[in-house]
Amino acid sequence: MENMVYNIISWVGLTICIGAFFIKDVFWLRLATLIGCSLLFVYYSHIAIPQGVISNLLVLLINAYYLVRFASARRKALNASKITSPGSPVLTTDN
């Protein structure tokens, strides 16, 4: 039964990773790849295949890094739009 669960995890992870090739939006592409590689990482860790563990861990970390950068840039853009949105006072440095 345990092997069946890990086999399902591997098939779901593989399906998500292959499906990511059809995603055009970069955010969703990276998120799908992150999830798929996480599942494949769990599977390869379970069956003790070092190449699978390392490759999926690297892809997972790369996608996590870019998702954090994306979230940071989005947060900065939202903060900037709140400062300069219509109806709110505009801060100037002119005296």
Side-chain angles (χ1 to χ4, degrees):
M1 183 66 175
E2 179 182 338
N3 285 335
M4 184 181 213
V5 170
Y6 282 104
N7 283 334
I8 291 170
I9 288 172
S10 73
W11 281 108
V12 171
L14 183 62
T15 303
I16 292 171
C17 285
I18 291 171
F21 283 101
F22 298 99
I23 299 173
K24 292 183 181 180
D25 184 83
V26 176
F27 171 78
W28 292 109
L29 169 89
R30 293 201 181 276
L31 186 62
T33 306
L34 179 85
I35 293 168
C37 286
S38 297
L39 294 172
L40 289 173
F41 173 77
V42 169
Y43 174 71
Y44 284 120
S45 296
H46 173 71
I47 64 171
I49 304 291
Q51 297 90 342
V53 171
I54 292 168
S55 63
N56 281 290
L57 181 61
L58 289 175
V59 174
L60 190 151
L61 291 174
I62 290 167
N63 281 293
Y65 169 76
Y66 281 107
L67 281 170
V68 168
R69 279 188 57 191
F70 179 82
S72 175
R74 186 171 178 171
R75 194 174 314 117
K76 286 179 186 177
L78 286 174
N79 287 337
S81 69
K82 285 180 184 177
I83 292 172
T84 60
S85 64
S88 65
V90 176
L91 302 174
T92 61
T93 56
D94 298 331
N95 288 336

Side-chain heavy atoms nearer than 4.5 Å, only ILVMFWY residues, links allowed to pass through others: does that put [X] and [Y] together?
X: F27; Y: Y66; result: no
X: F70; Y: V26; result: no
X: L34; Y: I23; result: yes
X: I9; Y: I49; result: yes
X: L31; Y: F22; result: no

Looking at [atom1] of [X] and [atom2] of [Y], how far apart are the two atoms once the value is rounded to the nearest 0.5 Å?
X: Y44; Y: I54; atom1: OH; atom2: CD1; value: 13.0 Å
X: I18; Y: I16; atom1: CD1; atom2: CD1; value: 11.0 Å
X: I62; Y: L57; atom1: CD1; atom2: CG; value: 9.5 Å

Under the side-chain contact (heavy atoms from CB on, under 4.5 Å) criterion, do L61 and Y65 qualify, and how do the steps go? CA-CA 6 Å; L61 291 174; Y65 169 76; over 6 Å; no
Considering all heavy atoms, the nearest A32-A20 contact: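 Looking at all heavy atoms of both residues, the shortest contact is CB-CB, 4.2 Å.
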What are the two closest non-hydrogen atoms of C37 and V59, and how far apart are they?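 Of all heavy-atom pairs spanning C37 and V59, the closest is SG-CG1, 3.4 Å.
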Identified side-chain contact (heavy atoms from CB on, under 4.5 Å) counterpart of V12 within the set I35, L39, L40: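 Among the candidates, only L39 passes.
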Taking side-chain hydrogen bond (donor to acceptor under 3.5 Å, both in side chains) as the cut-off, I'd like each qualifying pair that reaches into residues 17-36, sequence neighbours left out, listed once.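 Only R30-N63 qualify under side-chain hydrogen bond (donor to acceptor under 3.5 Å, both in side chains).
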Under the side-chain contact (heavy atoms from CB on, under 4.5 Å) test, which residues partner E2, sequence neighbours left out?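 side-chain contact (heavy atoms from CB on, under 4.5 Å) check on E2 returns Y6, H46.
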Listed by chain and number, what are the side-chain contact (heavy atoms from CB on, under 4.5 Å) partners of S45, not counting sequence neighbours?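 Once residues adjacent in sequence are excluded, the partners of S45 under the side-chain contact (heavy atoms from CB on, under 4.5 Å) criterion are F41, V53.
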